[in-house]
There are 2 protein chains.
Amino acid sequence: MTVTIVDSQATPVQEKIEKIFSKTDDLGVCPVRGILDRIGDKWSYLTIIHLGNSGKLRFNELKAQIGDISQRMLTVTLRSLEEDGLVQRHIYAEVPPRVEYQLTALGESLLQRMIDLAEWANMYKAEIVKARSRYSKN
Amino acid sequence: MTVTIVDSQATPVQEKIEKIFSKTDDLGVCPVRGILDRIGDKWSYLTIIHLGNSGKLRFNELKAQIGDISQRMLTVTLRSLEEDGLVQRHIYAEVPPRVEYQLTALGESLLQRMIDLAEWANMYKAEIVKARSRYSKN
DNA sequence: CCGAATCCAACTAGATACTG
DNA sequence: CAGTATCTAGTTGGATTCGG
């Protein structure tokens, strides 16, 4: 009864959310959260974007592209993405060692959602900056 | 020359990323990052999803829906979203006080991207869980 | 009922130094 | 080159208390 939304497209959205966030696992917590927590952290999405951009990168190339990531955090992030099957690591038995990273097919499918989000931010950044300055004038 | 991707759709993706992440502001850092850092934190996307789901919610209703968020974090998150113009706060001068929150038009537009991301996670969660167990067997 | 303020524990991430 | 290990500063977030 509390439903007082515009009611034209309201129900479809609710159904989607309801469906996605249903707590179906044994812990009573929806499994989507665990995934979003991993890919939603500060460095994961930048790593995915840059890997998607270049296709295949060595450790230090990737580090240089992202710019302000520390060696430690890049290692940690890459391991996490590798564990989730989003990134593939290729090790070449050479001296000096060479290691290349690239997105898996799963990673590529996520890349598209990441780009969508980045495009959203890009499209509305002016509006957000405006809102922030409006907010600070209180 | 380092471009050795599938080359069918490779360039469009690169162009998109290039365009979005160009460092055009005076700080030499792309403005998209600042926005994604804000909306990509642990509680913002949950807050947006639940507000999108219900349309309009009082503070404690929202808190109950999210479940495991503390009062402090919900307050902090809502202020941040309000500052960015994603959430609107309605205060009713009553006793006891009543405060309602709902997404702005800007927030609604972000909601769709959030749902897309959640749907991605929902669609591929089995594959990710599989990858994780495969990874742990090393 | 809504939320501000303070305190404190836990986690995060950078700097640095070292290794195969 | 591509990491690992350790240490520490900074940040986050929960618990609690108080106020309008």
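Predicted, not measured: the structure shown is a model, and the values here were computed from it. In what follows, chains carry the letters A, B, and so on, assigned in the order in which the sequence lines appear, proteins first and then strands, with residues in each chain numbered from 1.
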Applying salt bridge (charged side-chain N to carboxylate O under 4.0 Å, His left out) to R113(B) and not counting sequence neighbours gives D116(B)

Donor on one side chain, acceptor on other, R38(A) and S80(A), under 3.5 Å
yes

Under a 4.0 Å heavy-atom criterion, DNA chain C is touched by chain B from dC1(C) to dT6(C)

Nearest heavy-atom contact between L103(A) and I48(A) is CD1-O, 4.0 Å

What one should report as the nearest heavy-atom pair of M114(A) and Y45(A) is SD-CB, 3.4 Å

Rounding to the nearest 10°, end axes of the helix from dC1(C)-dG20(D) to dG20(C)-dC1(D) built from five pairs each make an angle of 40°

Rounded to whole Å, CG of L62(A) lies from C1' of dC1(D) at a distance of 14 Å

| message | For N53(B), is there any backbone N or O sitting under 3.5 Å from a side-chain donor or acceptor partner on Q14(A)? | response | yes

Say whether, by atom type as modelled, one donor and one acceptor occur between the side chain of S54(A) and the main chain of L51(A) under 3.5 angstrom. no

Closest non-hydrogen contact found for F59(A) with L74(A) is O-CD2, 3.7 Å

Per the under-4.0 Å heavy-atom filter, residues of residues 89-104 of chain A near DNA chain D come out as R89(A), P96(A), P97(A), V99(A), Y101(A)

Any sub-3.5 Å donor-acceptor pair from E61(B)'s side-chain atoms to R58(B)'s backbone N or O?
yes

Rounded to whole Å, the CZ-C1' distance (R38(B) to dT12(D)) equals 15 Å

Heavy-atom closest pair (G52(B) atom, L111(B) atom, distance to 0.1 Å) is CA-CD2, 3.6 Å

To the nearest angstrom, the CG-P distance between D41(B) and dT11(D) comes to 15 Å

Expected list for residues 71-87 of chain B near DNA chain C, using heavy atoms below 4.0 Å, is Q71(B), R72(B), T75(B), R79(B)

Atom NZ of K42(A) and atom C1' of dT11(D) are separated, to the nearest Å, by 11 Å

Nearest heavy-atom contact between I115(A) and K16(B) is CG2-CD, 3.9 Å

Residues at least two apart in sequence or cross-chain that pass side chain to side chain donor-acceptor pair (under 3.5 Å) with W120(A), listed by chain then number, are S109(B)

